[in-house]
Amino acid sequence: MGTEIERKFLVTSEAWRAEAGPGTRLRQGYLHAGTPVVRIRQAGELAFLTIKGPGLLARAEFEYPIPPEDAEAMLASLCAPPIIDKTRHRIARDGLTWEIDEFAGHLAGLVLVEIELASADQAFDRPGWLGDEVTDDPRYQNAALSRAPGPPA
């Protein structure tokens, strides 16, 4: 069983763009947005089925590649709308990867950054563009965002 340990933050400025690559478009929908979360994701030319257990900071995570055509069909017919549409940019710093998500569609204007850690108490340097932590705010979980009418206030 894999365990995801992830902290999530708001972004305070556009300064991260100077370090980020071009990004990958992600489209994702949910077959089940409760517990467990069952997600379908298209990431560029790749596609995945992901199952996540309960939790905000740390939780069980299983991810499996699936045929892109299957993902497209599931997003179109099995996942409740709206489908999350975002571009993910990555920044490598001090052996860690920051993933910045710029949301489009019904979540346009929302920019979140995530960092995966080896342990819940792992120390890391905070970039200047890092804003408030929202790890413990369930409104910022992607499954919750998929059901929200817009970005959290």
Side-chain angles (χ1 to χ4, degrees), residues 1-44 46-64 71 75 79-153:
M1 171 176 72
T3 299
E4 172 186 61
I5 301 171
E6 178 179 86
R7 291 178 66 180
K8 191 176 290 201
F9 301 84
L10 297 173
V11 175
T12 61
S13 76
E14 299 276 316
W16 61 269
R17 291 186 187 280
E19 300 178 64
T24 301
R25 182 176 182 215
L26 303 179
R27 293 181 65 238
Q28 62 191 49
Y30 294 84
L31 299 173
H32 188 264
T35 302
V37 170
V38 182
R39 176 184 74 202
I40 302 299
R41 175 183 279 170
Q42 287 180 315
L46 304 175
F48 302 92
L49 168 69
T50 306
I51 303 165
K52 294 186 178 197
L56 295 173
L57 173 63
R59 60 187 174 166
E61 179 183 59
F62 302 89
E63 186 166 82
Y64 307 98
L75 287 168
C79 296
I83 300 301
I84 288 182
D85 189 354
K86 61 186 178 180
T87 300
R88 174 163 287 171
H89 305 269
R90 289 184 170 82
I91 296 174
R93 281 182 162 214
D94 302 322
L96 298 170
T97 301
W98 296 89
E99 295 180 333
I100 298 100
D101 288 341
E102 285 185 285
F103 289 83
H106 76 290
L107 298 168
L110 179 61
V111 181
L112 292 174
V113 60
E114 300 172 353
I115 185 170
E116 286 199 27
L117 304 169
S119 67
D121 60 354
Q122 181 178 346
F124 57 90
D125 289 329
R126 294 175 59 100
W129 39 262
L130 201 62
D132 291 338
E133 184 164 6
V134 294
T135 302
D136 294 326
D137 188 336
R139 297 176 302 158
Y140 289 95
Q141 293 289 300
N142 280 290
L145 290 171
S146 73
R147 298 184 308 265

* Atom CD1 in Ile51, atom CD in Glu63: separation rounded to 0.5 Å? -> 10.5 Å
* Structure fact -> When rounded to the nearest 0.5 Å, the distance separating CD1 of Ile84 from CD1 of Ile40 is 13.0 Å
* Heavy-atom pair of closest approach, residues Pro22 and Thr87 -> O-CG2, 4.3 Å
* Output every pair passing salt bridge (charged side-chain N to carboxylate O under 4.0 Å, His left out) with a member in residues 115-132, not counting sequence neighbours, ordered by first then second residue. => none
* Asked: Who are the salt bridge (charged side-chain N to carboxylate O under 4.0 Å, His left out) partners of Glu133, not counting sequence neighbours?
  -> Arg7
* Structure fact -> Residues Phe62 and Gly2: closest non-hydrogen pair is CE2-N, 4.2 Å
* Using the side-chain contact (heavy atoms from CB on, under 4.5 Å) rule, pick out the option among Thr24, Ile83, Leu75 that qualifies with Gln42. => Leu75
* Partner of Asp85 by side-chain hydrogen bond (donor to acceptor under 3.5 Å, both in side chains), out of His106, Gln28, Arg25 -> Arg25
* Closest approach of Gln122 to Phe124 (non-hydrogen atoms, all atoms of both residues) -> O-CD2, 3.6 Å
* Asked: Rounded to the nearest 0.5 Å, how far does CG of Leu110 lie from CG of Leu10?
  -> 7.0 Å
* Asked: Rounded to the nearest 0.5 Å, what separation is found between the OG atom of Ser146 and the CD atom of Gln141?
  -> 11.0 Å
* **Sidechain-backbone polar pair: Thr135 side chain, Lys8 backbone, donor-acceptor under 3.5 Å** => yes
* Are Pro152 and Leu145 side-chain neighbours, meaning at least one heavy-atom pair lies under 4.5 Å? -> yes
* To do: Supply the atom-to-atom distance Leu130 CG to Trp98 CH2, rounded to the nearest 0.5 angstrom.
  => 4.5 Å
* To do: Look at Arg88 together with Asp101 and state whether they make a salt bridge at an N to O cut-off of under 4.0 Å.
  => yes
* For residues Phe9 and Ile115, report the shortest heavy-atom separation together with the two atoms involved. => CE1-CG2, 4.2 Å
* Structure fact -> Shortest non-hydrogen pair, Ala33 vs Tyr30, comes out as CB-CB, 4.2 Å
* **Where Thr12 and Gly131 come nearest, the two heavy atoms and their spacing** => CG2-CA, 3.3 Å
* Indicate yes or no for a side-chain donor-acceptor contact from Asp94 to the backbone of Leu96 under 3.5 Å, with no hydrogens or angles considered. => no
* **Flag side-chain contact, heavy atom, 4.5 Å: Ile91 against Trp16** => yes
* CZ on Arg39 to CZ on Phe48, rounded to 0.5 Å -> 9.5 Å
* **Sidechain N-carboxylate O distance under 4.0 Å for Arg59, Glu6** => no
* Asked: Which residue pairs pass the salt bridge (charged side-chain N to carboxylate O under 4.0 Å, His left out) test when at least one of the two sits in residues 140-151, sequence neighbours left out?
  -> none
* Glu102 bridged to Arg17 by N-O distance under 4.0 Å -> yes
